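A short worksheet on the structure shown next.
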Amino acid sequence: MNQSIIFTEQLTWDAQLSAIHFTAQQQGMVIDCYIGQKVLEHLAAEKINNSEQALSLFEQFRFDIEEQAEKMIEKEAFDVQGHIQVERVD
């Protein structure tokens with residue numbers, strides 16, 4: 001992992017987006033990252049029924065999700081709002 005990118009422990013469920021919001025820091029800049037419910041369900045091979053389950057599944061796959069987000073940050077693959085949207089996990 002690139003030591004210049006640090007992921008915080010902060011996780012929240014964004015009900016409007018049906019996504020988990022997590023943050024990274026790079027050279028003092030906070031980067032908002034998201035992984036949608038459908039992507040997380042595909043990764044976990046499990047249907048998500050509530051926010052607590054979504055957060056728990058994120059924790060189970062945290063390393064893989066953060067690794068994908070890190071690759072996207074390094075490639076500067078930000079969306080138009082300047083966020084990282086993890087749409088798949090390799």
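Because the structure is predicted, anything quoted here is derived from the model rather than measured.
- We find the CD-CZ distance between E67 and F7 to be 9.5 Å, quoted to the nearest 0.5 Å.
- Across I20 and A54, no two heavy atoms sit closer than the pair CD1-O, 3.2 Å.
- Annotation for F22 and E66: closest pair CE1-CG, 4.5 Å, computed over non-hydrogen atoms.
- For the atom pair CD1 (I5) and CD (E70), the distance works out to 4.5 Å, reported to the nearest 0.5 Å.
- Atom SG of residue C33 and atom CD1 of residue I65 lie 11.0 Å apart, to the nearest 0.5 angstrom.
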Under 3.5 Å, sequence neighbours excluded: what are the donor-acceptor pairs made by side chains of residues 34-42?
from	atom 1	to	atom 2	distance (Å)
Q37	NE2	E41	OE2	3.1
Q37	NE2	I48	O	3.3
E41	OE2	I48	N	2.9

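- No side-chain heavy atom of F61 sits less than 4.5 Å from a side-chain heavy atom of V89.
- The closest side-chain heavy-atom distance from E9 to R62 is below 4.5 Å.
- Looking only at distances, no side-chain donor or acceptor of D14 sits under 3.5 Å from a matching main-chain atom of S18.
- For the atom pair Q60 CD and L55 CG, the distance stands at 11.5 Å (nearest 0.5 Å).
- Closest heavy-atom contact between A77 and I84: O-CD1, 3.6 Å.
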### Task
Dump the intermediate steps for side-chain contact (heavy atoms from CB on, under 4.5 Å) on H21 and L11, then the final yes or no.
CA-CA 6 Å; H21 172 239; L11 291 178; over 6 Å; no
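- Atom CD of Q81 has more than 12 neighbouring heavy atoms from other residues, nucleotides or ligands inside a 6.0 Å radius.
- Once rounded to the nearest 0.5 Å, the distance linking NE2 of H83 with CG of L17 reads 9.5 Å.
- Taking 4.5 Å as the limit, some side-chain heavy atom of I31 sits within range of a side-chain heavy atom of M29.
- The two residues Q53 and N49 come nearest to each other via the heavy atoms OE1-N, 2.5 Å.
- R88 contributes atom CZ, which lies 4.0 Å from atom CG of D90 (distance to the nearest 0.5 angstrom).
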